[in-house]
Every structure is written in structure tokens, then in C-alpha cells.
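Please read the structure below before turning to the comments.
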Amino acid sequence: SAASDVYKRQRFPQPFFGGGEEVLRAPIVLDASGRAKVAVPTFSREDEPEQSWDYTVEARVTDASRREETGRVAVGVGAQELYAFLAPHRHVVAPQDEAELTLRVEDLQGRGAVHAGTWTVERYEGRRDREASSGRKIQEGGEELWTALFERAVSTGEDGTARLAFTPGRPGQYRVRYESLDDRGHPMEAETVVWAADPKTTTLVQGSGAVRLIAEQESFLGEEARVLLVTDRPGLSVHLSTAFAWTLQTEVLHLKGTARLLTIPLSDLHRPRFELRAVVAVDHRFEPATLFVDAPLAERALDLSVRTEEA
């Protein structure tokens with residue numbers, strides 16, 4: 001006898017970690033060569049145009065001696081054949097320093113693909129004023145304004161990756177976009193943001209929330225971590241708290257402008273991760289921002305596997 005179970009887990013745009021959703025459980029009949037075909041129901045591109053899923057098919061076969069053998073395979077299913085991803089090497093760089101990014105194009109099985117497209121860099125300038133019901137001009141909710149700096153062609157290599165680099169001329173928020181078409185003509189896009197700031201930076205324009213915290217990089221191995229603090233208006237007082245190893249440190253920062261690049265000394269107590277929380281009072285309400293900062297104990301983790309052998 002034989003049976004199969006099929007589970008699906010969301011893979012893109014937000015990975016789902018867990019057992020997944022069961023979509024099929026059915027008995028199967030093996031042919032004379034010991035093979036069987038299983039048809040798995042999937043979604044239509046019209047229903048879920050931006051989703052992709054990992055389908056795990058598990059088969060169980062019981063032979064004449066009632067011994068059960070199990071096999072499993074994972075198959076990617078998506079609305080397009082290729083997906084693009086952009087990862088900046090640093091989320092915050094100094095003005096006039098080079099910002100580096102890695103572009104990766106891969107298929108549904110996670111294999112790198114050679115592909116060509118274009119990438120653009122834009123600088124955020126703020127929001128267009130809109131007129132409130134009272135007739136007053138306000139920026140909140142208005143259209144975002146971006147200045148295009150350049151557009152260039154790029155192709156990935158055999159491993160599916162390409163190095164991108166640009167130099168931000170002045171402090172600001174820079175959006176990097178990649179656009180192309182997959183082999184069937186479906187659009188594929190990727191987007192990320194790089195900030196340009198240094199310790200002298202006091203003014204930045206940002207259009208998302210009253211306060212934001214941006215780590216300079218994904219993780220910090222040295223003796224300090226740098227985090228960019230940005231508010232949506234100048235002159236705010238920010239209540240900043242740092243939580244680590246059952247310890248809570250608090251301070252109040254008085255900003256002259258809208259930004260400050262924070263330098264946080266690291267000790268063993270901050271590792272492997274600590275939490276930053278910034279709170280500002282805006283229009284008679286408190287607006288928070290939370291950031292978890294990774295500070296691993298070592299640059300490289302040791303992966304051990306143990307195998308036992310019968311005597």
C-alpha cells in the first residue's frame with residue numbers, strides 16, 4: 001500500500017516557518033515499475049500574483065512484510081519563474097563613501113540564475129503637500145517625492161549574483177530598485193534602502209513614522225554598534241532605552257534636527273542580541289520604534305555533527 005501527504009509553506013514575500021498547511025492526503029497506486037503520479041492542486045497567478053510557496057510531498061510505502069519506507073521532496077511553486085533580491089552590505093554609509101549591494105536572481109528551487117535587468121538609485125526628498133479639509137497645506141499622507149539619480153544595466157553571473165555600488169553625494173535616504181522580466185515576460189522587482197549619514201549629520205528627511213531606528217549593518221562583532229535615529233520633525237526629545245541581560249538603560253536625547261548617529265559601546269552582556277527602543281511624544285500621543293540588534297559572540301560559528309558507528 002502507498003499514501004502521500006502534501007504540505008505548503010509560504011516562501012515569498014514573507015517566509016513562513018512551521019509545519020505548513022496540508023493541501024492533499026490521498027492513497028496512491030504504484031504501477032508495475034513501482035512508480036505513481038500525484039497531482040497537487042496549486043493556485044492561479046490571478047489569485048496570488050505575488051506569492052510563491054514551497055510544497056513538500058511525502059510518500060509512505062508499506063511492503064508485503066509491513067515495513068514502511070518514507071520519501072520526501074520539496075518543490076517550489078510561484079507566480080513567476082525567477083525572483084530578485086537586493087541586500088546592502090551596510091544599511092548606513094557615510095556621505096561620499098561607496099555603498100555596496102548584492103543582487104541575487106534565483107529560481108523557485110533557490111538556484112542562482114544568469115539574468116539581465118536594470119537598476120536605479122533615487123534620493124528621497126519628502127512628501128508633496130496636500131490640502132486638508134480646513135484648507136491648510138500638510139505633508140502627512142501626501143505623495144512621496146523621489147529624485148532619480150541614475151539608471152544602469154546589470155547582469156548576474158553563473159551563481160546568480162552581481163555586485164552593485166554607488167556613492168551617495170550627501171546625507172539622505174536612497175532607494176535602490178532592480179527591474180526585469182522573467183523568461184515568460186512576468187515582471188520581477190526588488191527594492192531596498194540605503195541611508196547616508198555620519199556623526200555630523202543632524203538633518204534627514206524620512207517619510208515613514210514619527211521615529212525610526214536603523215542599524216548600520218546586519219550584525220556587530222567589534223566593540224561598538226552604530227544605529228541611526230531619525231524623526232519626522234526637528235527638535236524632538238527622544239526617550240531611548242537599551243535592554244540586555246536583564247538590564248535596562250535609559251536616557252533622553254534632545255535633537256536639534258531630525259537625526260543622530262548613535263554609537264553604542266558593546267560588552268559581553270549585549271551579546272548575542274540586545275534591544276533598542278525609542279519613544280517620542282507627537283501630537284499628544286507617544287510614538288515608539290523598536291530595533292533588535294545582533295551582536296554575535298564570534299565571527300564564525302562552529303557547526304558540529306556527531307556520527308555513531310556500530311561496533
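Owing to the predicted nature of the structure, the values given are computational and were not obtained by experimental measurement.
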Quiz item: Does Ser180 reach the main-chain N or O of Ala116 with its side chain, forming a donor-acceptor pair under 3.5 Å?
Solution: yes
Practice problem: Please assess Arg111 against Asp107 for the test salt bridge (Lys or Arg N to Asp or Glu O under 4.0 Å), listing each intermediate value before the final yes or no. | Solution: CA-CA 6 Å; Arg111 298 169 300 202; Asp107 62 17; 2.9 Å; yes
Quiz item: Step by step, would you call Arg260 with Val238 a side-chain contact (heavy atoms from CB on, under 4.5 Å)?
Solution: CA-CA 11 Å; Arg260 182 179 296 184; Val238 182; over 6 Å; no
Practice problem: Assess the side chains of Thr250 and His239: does a donor N or O sit below 3.5 Å from an acceptor N or O? | Solution: no
Exercise. Would you indicate whether the side-chain heavy atoms of Asp294 and Arg273 approach each other to under 4.5 Å?
Key: yes
Quiz item: Can you check whether Asp183 reaches His115 side chain to side chain, under 4.5 Å on heavy atoms?
Solution: yes
Quiz item: Considering all heavy atoms of both residues, which atom of Phe220 and which atom of Gln217 are nearest to each other, and what is their separation?
Solution: CE2-CG, 3.5 Å
Quiz item: Hey, what do you get for CD (Glu144) to OH (Tyr124), rounding to the nearest 0.5 Å?
Solution: 4.5 Å
Quiz prompt | Side-chain touch Arg90/Arg226, heavy atoms, less than 4.5 angstrom | solution = no
Quiz prompt | Distance-only polar pair, side chains of Glu224 and Thr263, donor-acceptor under 3.5 Å | solution = no
Quiz item: Would one find more than 12 heavy atoms of other residues, nucleotides or ligands at under 6.0 Å from atom CZ of Phe286?
Solution: no
Quiz prompt | Pairwise distance CG(Leu181) to CD(Gln80) - rounded to 0.5 angstrom | solution = 10.0 Å
Quiz item: Can you tell if the side chain of Val282 reaches within under 4.5 Å of the side chain of Arg233, non-hydrogen atoms only?
Solution: yes
Self-check item: Leu229/Leu276 under side-chain contact (heavy atoms from CB on, under 4.5 Å): CA gap, chis, key distance, verdict
Solution: CA-CA 11 Å; Leu229 168 67; Leu276 278 180; over 6 Å; no
Quiz item: Taking side chain as C-beta onward, heavy atoms only, is Thr118 less than 4.5 Å from Glu151?
Solution: yes
Quiz item: Distance only, no hydrogens: is a donor on one side chain within 3.5 Å (strictly under) of an acceptor on the other, for Arg60 and Thr70?
Solution: no
Exercise. Determine the minimum heavy-atom distance between Leu248 and Ser241, stating which atoms define it.
Key: CD1-CB, 3.9 Å
Quiz item: Between CG of Leu86 and CZ of Arg175, what distance do you get to the nearest 0.5 Å?
Solution: 12.5 Å
Practice problem: State whether Glu125 and Arg170 are salt-bridged, where the test is any N-O pair (Lys NZ or Arg NE/NH1/NH2 against Asp/Glu carboxylate O) under 4.0 Å. | Solution: yes
Quiz item: To the nearest 0.5 Å, how far apart are CD in Glu122 and CD in Gln173?
Solution: 11.0 Å
Quiz item: Would you call Arg127 and Asp232 a salt bridge, using N to O less than 4.0 angstrom?
Solution: no
Quiz item: Can you tell if the side chain of Leu108 reaches within under 4.5 Å of the side chain of Tyr83, non-hydrogen atoms only?
Solution: yes
Practice problem: Kindly check if the number of other-residue, nucleotide or ligand heavy atoms within 6.0 Å of CD (Glu251) is above 12? | Solution: yes
Practice problem: Would you check if there is a donor-acceptor pair between the side chains of His91 and Glu218 at a distance under 3.5 Å? | Solution: yes
Quiz prompt | Heavy-atom pair of closest approach, residues Pro168 and Asp97 | solution = CD-O, 3.1 Å
Quiz item: Hey, mind stepping through Leu253 and Leu262 against side-chain contact (heavy atoms from CB on, under 4.5 Å) and telling me if it holds?
Solution: CA-CA 10 Å; Leu253 306 178; Leu262 309 174; 3.8 Å; yes
Exercise. Could you check whether the rings of Phe166 and Tyr174 sit parallel, tilted or perpendicular, using 30° and 60° as the cut-offs?
Key: tilted
Self-check item: Nearest-0.5 Å distance that lies between atom CG in Asp198 and atom CD in Gln96
Solution: 10.5 Å
Self-check item: CZ on Arg277 to CG on Leu240, rounded to 0.5 Å
Solution: 11.0 Å
Exercise. Mind running side chain to side chain donor-acceptor pair (under 3.5 Å) on Arg104 and Thr161 for me, showing each step along the way?
Key: CA-CA 4 Å; Arg104 178 170 173 82; Thr161 66; 5.9 Å; no
Exercise. Of all the heavy-atom pairs spanning Val280 and Ser237, show the shortest one and how long it is.
Key: CG1-O, 3.9 Å
Quiz item: Heavy atoms, side chains only, cut-off 4.5 Å: are Pro234 and Leu255 in contact?
Solution: no
Self-check item: Distance-minimising heavy-atom pair for Val205 and Trp195
Solution: O-CZ3, 4.2 Å
Quiz item: Does some side-chain heavy atom of Glu189 sit less than 4.5 Å from a side-chain heavy atom of Arg177?
Solution: yes
Exercise. State, to 0.1 Å, how close Val194 and Pro88 come at their nearest heavy-atom pair, and which atoms those are.
Key: CG2-CB, 3.9 Å
